[in-house]
Amino acid sequence: MDFQLSDDQRALRSGMRDLLGAVFGRDRMRAAVERGGGVDRGLWRELGAAGFFALRLPEEAGGVGLGLPEAVLLFEEAGRALLPGPLVATHLAVGRVKGAAEGEAVVTAAEGGGRPVADLGGADAVVVGGGAGALVGEGLKVLAGEELEAFVAGAVPVRSMDPLTPLHRVEGCSAGAGASEGRWEGAGAPEAYPGALRREGALLTAAEQLGSAARTTEMAVQHAGSREQFGSLIGSFQAVKHLCADMLARTEPARSAVYAAAVTGDPVEIAAAKLLADEAAVRNARDCLQIHGGMGFTWEADVHLHLKRAWLRAARWLTAAEAEEVLAADLDPVVPLYSGSAALG
């Protein structure tokens, strides 16, 4: 079986990278930082026109008709570019919330479990998971109109570590029974956590983390190849080489895990992919900052933005602790090698 990207998939990824470079280059990204984040409606419509949100919507319904592996490639590019906004929630809401496919509607998600809601102020709808049927059946609750106004009225702004992602906390918001405990639910094959909302949301967020990890690796290598200290490029120093090599060694296993989980859709593999991608994004950003030295954490540099976004994404959809519980629950029970009196000699 060939797991290499097809020519069409490579072209899709390359096209999205070119598009994001044109519509959300560094100048536009820094302008968004200065205004305190929030959703750029013009940018949202451009993404909609490019098929970003409707990628997995069937062609007969006006979508592109592709699958989760292709969606992962687009979200990887979004992570590289630090594209802001509730991309995952809007993508998952396509076909259920009017205007989401075209980028006319901005949809965010209330995950419950005490987690803050991102980009609530600029949202046209909020999806609230209702347990095992979230976003795939009757369990989905969509808040819009007066319900959304009441929801927003009860929200309290909280300080966000990421200047591009405004956050609100809503008391009493729940994502359904068992949504934050990682319980096994449903008949037949068990699910590691309830519903496509959380499962696919975790995978697409992992893809964004993967893109960020790859980008900070590139930034570190580029800086190490141009910055001179003591008459030599810092990339010639062994300690810097080791940092860059470690960044690559974290990124590529995460890439394999994310791509594999996109093909299988297995809940346990998605949990593993999120765990590896979170670690790669956070640790790579920290090492990139280390290689940049004192300028790395300055407001003018972009390195700290990757680190702050990586921290934020790591707490979304599926945390490290929750992913570890999913993986542990899937382990076979340990069978002792010896038992009875024979074990006592």
Side-chain angles (χ1 to χ4, degrees), residues 4-25 28-29 32 38-109 118-119 122-127 135-136 140 142 144 164 196-197 199-212 214-215 255 258-259 261-263 265 270 313 316-317:
Q4 296 294 323
L5 297 182
S6 67
D7 291 340
D8 288 343
Q9 288 173 326
R10 290 191 181 94
L12 178 68
R13 182 174 63 181
S14 176
M16 180 53 60
R17 185 174 299 186
D18 292 342
L19 173 66
L20 294 180
V23 303
F24 195 69
R28 195 164 179 178
M29 185 265 287
V39 177
D40 182 335
R41 292 282 179 164
L43 174 62
W44 217 250
R45 294 188 184 95
E46 290 182 85
L47 293 174
F52 186 94
F53 300 118
L55 186 76
R56 294 193 293 150
L57 192 67
E59 291 184 71
E60 56 269 24
V64 183
L66 296 178
L68 195 56
E70 288 76 22
V72 158
L73 296 178
L74 295 195
F75 277 83
E76 181 182 350
E77 292 305 314
R80 283 179 57 91
L82 280 175
L83 195 63
L87 300 166
V88 172
T90 302
H91 179 88
L92 293 175
V94 166
R96 290 106 179 170
V97 176
K98 184 179 179 181
E102 299 82 10
E104 295 295 333
V106 177
V107 185
T108 189
D119 299 287
D124 300 301
V126 177
V127 292
L135 269 186
V136 291
L140 170 65
V142 179
L164 287 168
L197 172 64
R199 183 171 63 249
E200 295 182 1
L203 180 59
L204 296 177
T205 303
E208 290 182 296
Q209 293 282 62
L210 172 61
S212 180
R215 178 58 186 144
R255 185 186 308 281
V258 170
Y259 286 5
V263 171
I270 290 174
R313 289 197 199 106
R316 300 298 308 275
W317 299 101

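- In this structure, CG in Leu204 is found 11.5 Å from CZ in Arg313, a value given to the nearest 0.5 Å.
- Contact detail for Phe24 and Pro84: the closest heavy-atom pair is CZ-CD, 3.3 Å.
- In this structure, CZ in Phe52 is found 6.0 Å from CG in Leu74, a value given to the nearest 0.5 Å.
- Looking only at distances, a side-chain donor or acceptor of Glu70 sits under 3.5 Å from a matching main-chain atom of Gly67.
- A donor-acceptor contact shorter than 3.5 Å links the side chain of Thr90 to the backbone of Val107.
- Residues satisfying the side chain to side chain contact (heavy atoms under 4.5 Å, CB included) criterion with Arg56, sequence neighbours excluded, are Leu68, Ala71, His91, Leu92, Glu200.
- The existence of a salt bridge linking Asp124 and Lys98 is excluded, since no basic side-chain nitrogen approaches an acidic carboxylate oxygen closer than 4.0 Å.
- With a 4.5 Å cut-off on side-chain heavy atoms, Leu20 and Arg80 do not count as touching.
- Considering all non-hydrogen atoms of both residues, Gly62 and Leu57 come closest at C-CD2, 4.4 Å.
- The shortest heavy-atom contact between Val88 and Gly201 is CG1-CA, 3.6 Å.
- For the pair Asp119 and Val106, the minimum side-chain heavy-atom distance is 4.5 Å or more.
- Across all non-hydrogen atoms, the minimal contact from Pro86 to Val39 is CD-CG2, 3.8 Å.
- By the side chain to side chain contact (heavy atoms under 4.5 Å, CB included) test, Ser6 is found to be paired with Asp8, Gln9, residues two or more places apart in sequence or in another chain being considered.
- A heavy-atom distance below 4.5 Å is found between the side chains of Leu87 and Trp44.
- Taking each heavy atom of Arg41 and Gly122 in turn, the nearest pair found is NH2-O, 2.9 Å.
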Before giving the answer on side chain to side chain contact (heavy atoms under 4.5 Å, CB included), spell out for Leu43 and Leu83 the whole-Å C-alpha distance, their side-chain angles and the decisive distance to 0.1 Å. CA-CA 10 Å; Leu43 174 62; Leu83 195 63; 3.7 Å; yes
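- Looking at Arg199, its side chain never comes within 3.5 Å of a backbone N or O of Ile270 through a donor-acceptor pair.
- With salt bridges taken as basic N to acidic carboxylate O contacts below 4.0 Å, none links Glu102 and Arg45.
- Here the side chains of Pro69 and Leu5 are not in contact, with every heavy-atom distance at 4.5 Å or above.
- Residues Val72 and Leu210 form no side-chain contact, since every pair of their non-hydrogen atoms from C-beta on lies 4.5 Å or further apart.
- Scanning both residues, Ala100 and Ala105, for their nearest heavy atoms gives N-CB, 3.8 Å.
- None of Met16, Glu208, Arg255 except one satisfies the side-chain contact (heavy atoms from CB on, under 4.5 Å) rule with Glu76; the exception is Arg255.
- At a threshold of 4.5 Å between non-hydrogen side-chain atoms, the residues Leu73 and Tyr259 count as touching.
- Shown here are the salt bridge (Lys or Arg N to Asp or Glu O under 4.0 Å) partners of Arg28, two or more places apart in sequence or in another chain: Asp40, Glu46.
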